[in-house]
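Numbering starts at 1 and runs along the sequence shown. As a basis for the values below, the full set of heavy atoms in this structure was taken, side chains included, without hydrogen atoms, waters or symmetry mates.
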Amino acid sequence: MSGVEGHPALRPGRIGALQLANRLAVAPMTRVSAAPDGTPTPEMAEYYGAFAQGGFGLVITEGTYTDTAYSQGYLNQPGLVSERHVAAWREVTAQVHGAGTPIVAQLMHAGALSQGNPYRSQTAGPSAVTPLGEKMPEYGGHGPWPAPNEMSETDIKEAVGGFAAAAANARAAGFDGVEVHAANGYLLDQFLTDYTNRREDAYGGPAANRVRLTAEVVAAIRAEVGPDWCVGVRLSQTKVNDFRYHWPGGARDAETIFTALADAGATYLHIASEGRDWIETARLDGGVTITGLARRVSGLPVIANGGMHRPEQAARVLEDGHADVLSLARGALANPDLPRRLAEGRALEEFDHAMLHPMATLDNARRWRLAARATG
């Protein structure tokens, strides 16, 4: 960890009205550790509070379901749809704020990639296309995905309304903003993806139509929370069930998507992982990185994700203008105090995938830590 004095990731930053102590954010990570009814637990408050105490400038929560229809993706996923949910999230936001760190709630609709939803026995998506791959055992699933029901206009309006209502609940729970999950193969990304979206209406076809639903969600949230509250959007090309997909129109599609979301009222764009060798894997046609293009086209702050626990890569991404903030997932899991380690020049702990087995729960991670201490 030599050569990290004055590391650019440690400089203060800003996203909309949010003042950040540094440019390091905790990325959203599914932990399936809420109560069966979606209520956050005291253990979750401690989990998120530890990142704030460890010095991260921003905390983004795991994907949180937004309605009592088709949105829930996993059993024991937290929700933001009831007063009970709101009251429990207040304990989480209080823990994080107690360390002086802002916290943003990621709002998620799983769509066709739902593998545990007590509110519905079926799934729904843009078209009746069976998802690739199989359900994820680390989040409690197994076997192939079923073909979803094609969403009607009523279903779409219900989903948009759910996002807006969940955002209002997030604000009541003390969050400093929300992040709309339009990445990784979930509902909004299913609309963005040409092979899962075969619609022939205003939501299907060219990129300008495929991004329409995400833009409508952002606009509905903006109308609910007002002009100044933070409303981010997370995007990706690849998915949890398809690591090879890229937007078919390349930079042209990217420009269309970024412009539409900026026009809808987004505060920031968060581009999900482009791989460990980020500088190369994040490049689009013409050599520009996807986050660099997002910054230029949208004029918004951009968060980059993927291998950002590497100090040299993190410095390049910031100093060369590829992004404004960096989000870390596995690096943060292994090092909840990573910003402090970076500032002090201390070595980072390596991530061990055993932390997430047999499921990616907080309890399994706690057991792993106890075992590691016993053998260390």
Side-chain angles (χ1 to χ4, degrees), residues 8 23 27 126-127 129 131-133 179-199 202-215 218 232-264 266-308 310 312-329:
R23 309 299 182 96
S127 303
V129 176
L132 300 176
E179 178 177 281
V180 174
H181 196 353
N184 302 122
Y186 297 107
L187 180 72
L188 300 182
D189 186 46
Q190 291 159 27
F191 273 82
L192 278 169
T193 301
D194 58 350
Y195 70 78
T196 54
N197 182 351
R198 298 179 181 174
R199 301 177 73 94
Y203 295 97
N209 285 1
R210 299 198 310 273
V211 74
R212 186 184 305 275
L213 179 56
T214 307
V218 173
V233 183
R234 193 176 208 219
L235 298 159
S236 71
Q237 298 189 89
T238 60
K239 312 164 193 317
V240 295
N241 63 328
D242 182 355
F243 295 113
R244 298 186 177 183
Y245 182 80
H246 283 77
W247 293 327
R252 293 192 308 277
D253 281 5
E255 289 188 14
T256 298
I257 292 165
F258 300 151
T259 300
L261 298 178
D263 290 347
T267 306
Y268 71 84
L269 301 178
H270 183 181
I271 310 301
S273 178
E274 288 291 332
R276 297 288 182 183
D277 187 10
W278 191 92
I279 296 292
E280 295 306 319
T281 56
R283 294 196 185 280
L284 295 170
D285 301 337
V288 65
T289 59
I290 189 169
T291 51
L293 182 67
R295 291 181 82 216
R296 178 174 64 79
V297 169
S298 71
L300 301 175
V302 170
I303 303 176
N305 170 255
M308 296 303 164
R310 299 177 176 177
E312 297 79 9
Q313 177 167 264
R316 275 192 69 189
V317 171
L318 292 173
E319 290 178 334
D320 293 351
H322 298 291
D324 303 279
V325 175
L326 313 174
S327 74
L328 296 87

> Starting at CG of Leu235, measure out to CG of Leu188 and round the result to the nearest 0.5 Å.
9.5 Å
> Kindly give the heavy-atom pair with the smallest separation between Leu192 and Ala182, and that separation in Å.
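Shortest heavy-atom separation between Leu192 and Ala182 comes out as CD1-O, 3.9 Å.
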> So do Ser298 and Leu269 actually touch side chain to side chain, heavy atoms under 4.5 Å?
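In short, these two side chains touch, coming nearer than 4.5 Å.
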> Begin from the C-alpha positions of Leu284 and Gln237 and carry the test side chain to side chain contact (heavy atoms under 4.5 Å, CB included) through to its verdict.
CA-CA 11 Å; Leu284 295 170; Gln237 298 189 89; 4.1 Å; yes
> To check you understand the geometry: which heavy-atom pair defines the closest contact between Ala215 and Ala264, and what is its length?
O-CB, 3.5 Å
> Are Ile271 and Val302 close enough that some pair of their side-chain heavy atoms sits under 4.5 Å apart?
yes
> Salt-bridged, Arg316 to Glu319, with N to O below 4.0 Å?
no
> Quick one: ring-ring contact (aromatic ring centres under 6.0 Å, His included) partners of Tyr268, sequence neighbours excluded?
none
> Any ion pair linking Asp324 and Arg295 (charged N to carboxylate O, less than 4.0 Å)?
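Counted as a salt bridge, because a side-chain N and a carboxylate O are separated by less than 4.0 Å.
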> Return yes if some donor-acceptor pair links the side-chain N/O of Glu179 with the main-chain N/O of Arg234 below 3.5 Å, else return no.
no
> Under 4.5 Å between any side-chain heavy atoms of Thr196 and Phe191, yes or no?
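The answer is no; the side chains never approach within 4.5 Å.
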> Less than 4.5 Å apart, any side-chain heavy atom of Trp247 and any of Ile257?
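Yes, at least one pair of side-chain atoms sits under 4.5 Å.
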> Between Leu326 and Ile303, does the side chain to side chain contact (heavy atoms under 4.5 Å, CB included) criterion hold? Intermediate values first, please.
CA-CA 5 Å; Leu326 313 174; Ile303 303 176; 5.9 Å; no
> As a quick check of understanding, evaluate side chain to side chain contact (heavy atoms under 4.5 Å, CB included) for Leu300 and Thr267, giving each step before the final call.
CA-CA 7 Å; Leu300 301 175; Thr267 306; over 6 Å; no
> Among residues at least two apart in sequence or on other chains, which ones pass ring-ring contact (aromatic ring centres under 6.0 Å, His included) with Tyr195?
Tyr245
> Closest approach of Leu293 and Ala254, non-hydrogen atoms and distance?
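For Leu293 and Ala254, the tightest heavy-atom pair comes out as CD2-CB, 3.7 Å.
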> Is there side-chain contact between Ile279 and Thr289, with at least one heavy-atom pair below 4.5 Å?
no
> Has Asn197 got a side-chain atom pairing as donor or acceptor with Tyr203's backbone, closer than 3.5 angstrom?
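Between the backbone of Tyr203 and the side chain of Asn197 there is a qualifying donor-acceptor contact (under 3.5 Å).
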> Per the salt bridge (Lys or Arg N to Asp or Glu O under 4.0 Å) rule, what does the pair list look like for residues 249-260, sequence neighbours excluded?
Arg210-Asp253, Glu255-Arg296
> Got a donor-acceptor contact below 3.5 angstrom from the Arg199 side chain to the Pro126 backbone?
yes
> What pairs meet the salt bridge (Lys or Arg N to Asp or Glu O under 4.0 Å) rule with one or both residues in residues 236-251, with sequence neighbours excluded?
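Matches after skipping sequence neighbours: Asp189-Lys239.
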> I want to check something: taking the side chain as every heavy atom from C-beta on, are Val218 and Val233 in contact at a cut-off of under 4.5 Å?
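With C-beta onward as the side chain, the pair touches.
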> Would you confirm whether Thr291, through its side chain, and Ala323, through its main-chain N or O, come within 3.5 Å as a donor-acceptor pair?
no
> With sequence neighbours excluded, what pairs up with His181 under the ring-ring contact (aromatic ring centres under 6.0 Å, His included) test?
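With neighbours one apart ignored, the set is Tyr186.
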> List the atom of Gly204, the atom of Asn209, and the distance in Å for their closest heavy-atom pair.
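For Gly204 versus Asn209, the nearest heavy atoms are O-ND2, 3.0 Å.
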> Taking side chain as C-beta onward, heavy atoms only, is Ile290 less than 4.5 Å from His322?
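Side chain of Ile290 against side chain of His322, heavy atoms only: no contact under 4.5 Å found.
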> Please enumerate all residues that pass side chain to side chain donor-acceptor pair (under 3.5 Å) together with Ser327, with sequence neighbours excluded.
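With neighbours one apart ignored, the set is His270, Asn305.
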> Answer whether the closest heavy-atom distance between the side chains of Val288 and Arg283 falls below 4.5 Å.
no
